[in-house]
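Naming convention: chains lettered A, B, ... in sequence-line order (proteins, then strands); numbering from 1 in each chain.
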There are 2 protein chains.
Amino acid sequence: MTIAPQLAEVAHLVADPGRANILSALMDGRRLSAGELAEIAGVTPQTTSSHLAKLVGRELLIVEKRGPRRLYRLASPLVAQMLEGLMTVAAAAAPRFRPASRIDAEMRHARTCYDHLAGELGVALADAMREQGHLVLDADGGEMTAGGIGFLTGLGADLIVPAGSRRPFCRPCLDWSERRPHLAGRVGAALADLAFRQDWIRRRPRGRSVEITEAGLAAFRSHFRARI
Amino acid sequence: MTIAPQLAEVAHLVADPGRANILSALMDGRRLSAGELAEIAGVTPQTTSSHLAKLVGRELLIVEKRGPRRLYRLASPLVAQMLEGLMTVAAAAAPRFRPASRIDAEMRHARTCYDHLAGELGVALADAMREQGHLVLDADGGEMTAGGIGFLTGLGADLIVPAGSRRPFCRPCLDWSERRPHLAGRVGAALADLAFRQDWIRRRPRGRSVEITEAGLAAFRSHFRARI
DNA sequence: ACGACGTTTCGATGCCAATCGAACTGTTCA
DNA sequence: TGAACAGTTCGATTGGCATCGAAACGTCGT
């Protein structure tokens with residue numbers, strides 16, 4: 001009850017289109033300079049500076065001085081999770097007009113979601129792994145099977161099992177574009193890491209969307225049996 | 001990228017203190033009338049009506065006419081999850097002044113979080129079940145052990161196992177007051193349901209906080225070995 | 001030391017939206 | 001049919017804040 005004011009305060013930070021653009025661009029965990037963010041936000045550097053100061057003051061962002069420029073990044077994965085939650089609701093409510101820009105299409109096709117894969121690619125991989133018996137996943141939770149752990153490890157994924165002899169956890173992350181869960185958590189991060197290392201996917205210069213290489217397409221189809 | 005405007009729009013709905021109060025009060029899934037919500041929001045009925053219209057228009061709330069009055073509730077669990085994410089960040093960032101009201105204390109002690117238990121009680125039960133080997137849970141995911149399923153079922157919990165012979169999933173929900181995960185998902189809902197049915201806890205008239213009965217205290221300590 | 005560049009601060013402007021009083025609609029009960 | 005009550009609509013006021021121009025700041029090159 002009493003947190004409601006603080007709740008409103010945090011929401012207010014995201015409620016500005018410019019700031020929403022900034023936060024959305026930083027969702028993959030990268031560090032961007034104030035100038036780059038100004039261009040992304042679509043406002044002047046002065047205005048951007050004001051926005052960034054608010055976001056840092058409320059500890060949604062962390063800034064580090066690198067020479068004459070300042071690099072900003074999300075303060076924690078919790079912020080990314082919060083944004084993902086907002087996006088899910090934003091995508092679910094009011095489909096409205098879809099301008100369907102090229103960037104939009106790229107984002108829907110394949111993108112990173114903080115540290116894991118999302119979009120059609122992310123959902124297709126999760127579906128395929130489920131069908132192959134590597135994974136059990138629904139909106140409430142997920143679990144790797146023994147076979148699934150062997151499968152990913154065999155491909156070169158680094159599934160760190162923490163001190164306790166527990167299984168490496170995976171969690172679902174509701175995909176705002178596909179409206180179905182994709183694979184997140186430690187396993188999701190390991191899978192994305194593997195895909196980048198094997199050059200199956202590459203980051204596009206701007207934004208969070210990624211490009212699937214020829215080798216990637218072949219690997220996703222042959223190894224994962226994904227329908228993409 | 002292109003969802004940023006919609007992201008801002010949804011955040012804007014939560015960014016008003018009155019609306020944040022309303023949404024927070026509805027987080028347990030109950031249905032409240034416009035009048036009750038006006039009192040909770042702390043504004044006049046006219047203003048509340050305007051707020052509610054916006055929330056319904058954006059499909060965050062659902063309204064049903066019940067005689068001369070209208071009952072409002074969250075449109076989906078996704079909205080509750082979104083709010084929980086915002087609260088987590090709100091509580092983590094800027095501890096600030098803690099007015100420490102009585103309601104605040106009650107909320108911290110024990111409350112419902114949509115369909116499961118949160119606060120000191122929720123976290124204590126999750127901790128205890130973990131220590132007793134009933135449960136494995138961390139920030140990324142959770143899993144019931146076979147013993148844990150037997151334990152809860154023996155107490156009378158209704159753990160619905162879906163069609164596939166999968167285990168009933170549980171998921172962690174980061175507690176904004178305790179800053180540690182408590183038990184959510186199907187198992188969390190079943191546990192809360194059990195506690196209400198056994199009269200271990202009772203809803204307080206206003207708000208989402210719950211009161212632990214004497215029988216509840218005894219049950220939580222003897223059956224669960226919880227430290228509360 | 002100076003100039004260039006990236007970034008921030010200051011100050012003024014303009015817009016959006018939260019708010020409430022008053023009046024209106026609709027439902028229930030006598 | 002009319003009274004009582006819940007809720008909404010309308011209109012006017014208000015305050016907060018996003019925005020940008022201009023200027024200052026700090027850091028790095030030469």
Asker: Donor-acceptor pair under 3.5 Å: do we get one between Q46(A)'s side chain and the base of dG21(D)?
Answerer: yes

Asker: Figure out the NZ/P separation between K65(B) and dG7(D), and round it to whole Å.
Answerer: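 Interatomic distance, NZ of K65(B) to P of dG7(D): 12 Å.
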
Asker: Quick one: which of dT8(C), dT8(D), dG6(C) gets closest to the side chain of R69(A)?
Answerer: dG6(C)

Asker: With R73(B), which residues qualify under salt bridge (Lys or Arg N to Asp or Glu O under 4.0 Å), at least two apart?
Answerer: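 R73(B) satisfies salt bridge (Lys or Arg N to Asp or Glu O under 4.0 Å) with E64(B) once adjacent residues are dropped.
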
Asker: Establish, with yes or no, whether the OP1 or OP2 oxygen of dA18(D) is under 4.0 angstrom from a side-chain nitrogen or oxygen of K54(A).
Answerer: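 For dA18(D), OP1 or OP2 has a side-chain N or O of K54(A) closer than 4.0 Å.
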
Asker: Report the distance from atom CD of E39(A) to atom P of dG6(C), rounded to the nearest whole Å.
Answerer: 12 Å

Asker: Whole Å only: how far is the CD atom of E64(B) from the P atom of dA6(D)?
Answerer: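 Answer to the nearest Å: 19 Å.
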
Asker: Under a plain distance cut-off of 3.5 Å, with no hydrogens placed, do S33(A) and R66(A) share a side-chain donor-acceptor pair?
Answerer: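 No.
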
Asker: Choosing from dT19(D), dT8(D), dA18(C), which nucleotide comes nearest the side chain of Y72(B)?
Answerer: dT8(D)

Asker: When rounded to the nearest 0.5 angstrom, what is the spacing between CH2 in W176(B) and SG in C113(B)?
Answerer: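 Interatomic distance, W176(B) CH2 to C113(B) SG, rounded to 0.5 Å: 10.0 Å.
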
Asker: Heavy atoms from C-beta onward define the side chain here; which of dA18(D), dT8(D), dT19(C) lies closest to that of D16(B)?
Answerer: dT19(C)

Asker: Write down the distance between CG (L71(A)) and P (dT8(C)), rounded to a whole number of angstrom.
Answerer: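 Checked: the CG to P distance equals 11 Å.
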
Asker: Looking only at side-chain atoms of V43(B), point me to the closest of dT19(C), dT8(D), dT8(C).
Answerer: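 Within the option list, the nearest is dT19(C).
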
Asker: Could you state the CG-P distance from N21(A) to dA18(D), rounded to the nearest angstrom?
Answerer: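 Computing the N21(A):CG to dA18(D):P distance gives 14 Å.
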
Asker: Would you mind telling me which of dA18(C), dG21(C), dT19(D) lies closest to the side-chain atoms of T44(B)?
Answerer: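 Minimum distance to the T44(B) side chain belongs to dG21(C).
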
Asker: Measuring from the side chain of P68(A) (C-beta onward, heavy atoms only), which nucleotide among dT27(D), dA17(C), dT8(C) has the closest atom?
Answerer: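 From the listed options, dT27(D) comes nearest.
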
Asker: Would you mind classifying the nucleic acid contact of R66(B) as base, sugar-phosphate or nothing, using non-hydrogen atoms under 4.0 angstrom?
Answerer: nothing

Asker: 5'-most contact on DNA chain D: H51(A) or P45(B), nearest heavy atom basis?
Answerer: P45(B)

Asker: Take atom CG of L13(A) and atom C1' of dG16(D), then tell me their distance rounded to the nearest Å.
Answerer: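 It works out to 15 Å between those atoms.
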
Asker: Counting neighbours of CD on Q198(A) that are heavy atoms of other residues, nucleotides or ligands and sit closer than 6.0 Å, is the number greater than 12?
Answerer: yes

Asker: Just compare dT8(D), dT19(C), dT8(C) and give me whichever is closest to any side-chain atom of S50(B).
Answerer: dT19(C)

Asker: dT8(D) P sits how many Å from L37(B) CG, rounded?
Answerer: 10 Å

Asker: Determine, step by step, whether I62(A) and V56(A) satisfy the side chain to side chain contact (heavy atoms under 4.5 Å, CB included) criterion, reporting the C-alpha distance in whole Å, the side-chain angles of both residues, the deciding distance to 0.1 Å, and the verdict.
Answerer: CA-CA 6 Å; I62(A) 287 178; V56(A) 171; over 6 Å; no

Asker: What residue pairs, at least two apart or across chains, pass ring pair (Phe, Tyr, Trp, His ring centres under 6.0 Å) with a residue in residues 45-86 of chain B?
Answerer: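 Sorted result for residues 45-86 of chain B: empty, none.
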
Asker: Indicate, with a heavy-atom threshold strictly under 4.0 Å, whether S33(A) touches base, sugar-phosphate, or nothing.
Answerer: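 Sugar-phosphate: the residue S33(A), judged by heavy atoms under 4.0 Å, touches backbone atoms but no base.
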
Asker: CG of L52(B) versus P of dT19(C): gap in Å, rounded?
Answerer: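 Distance check: L52(B) CG to dT19(C) P gives 12 Å.
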
Asker: Reckon T47(B) has a side-chain N or O less than 4.0 Å from the OP1 or OP2 of dT19(C)?
Answerer: no

Asker: So if I take every side-chain heavy atom of H12(B) and compare against dA17(C), dC20(D), dG7(D), which nucleotide ends up nearest?
Answerer: dA17(C)

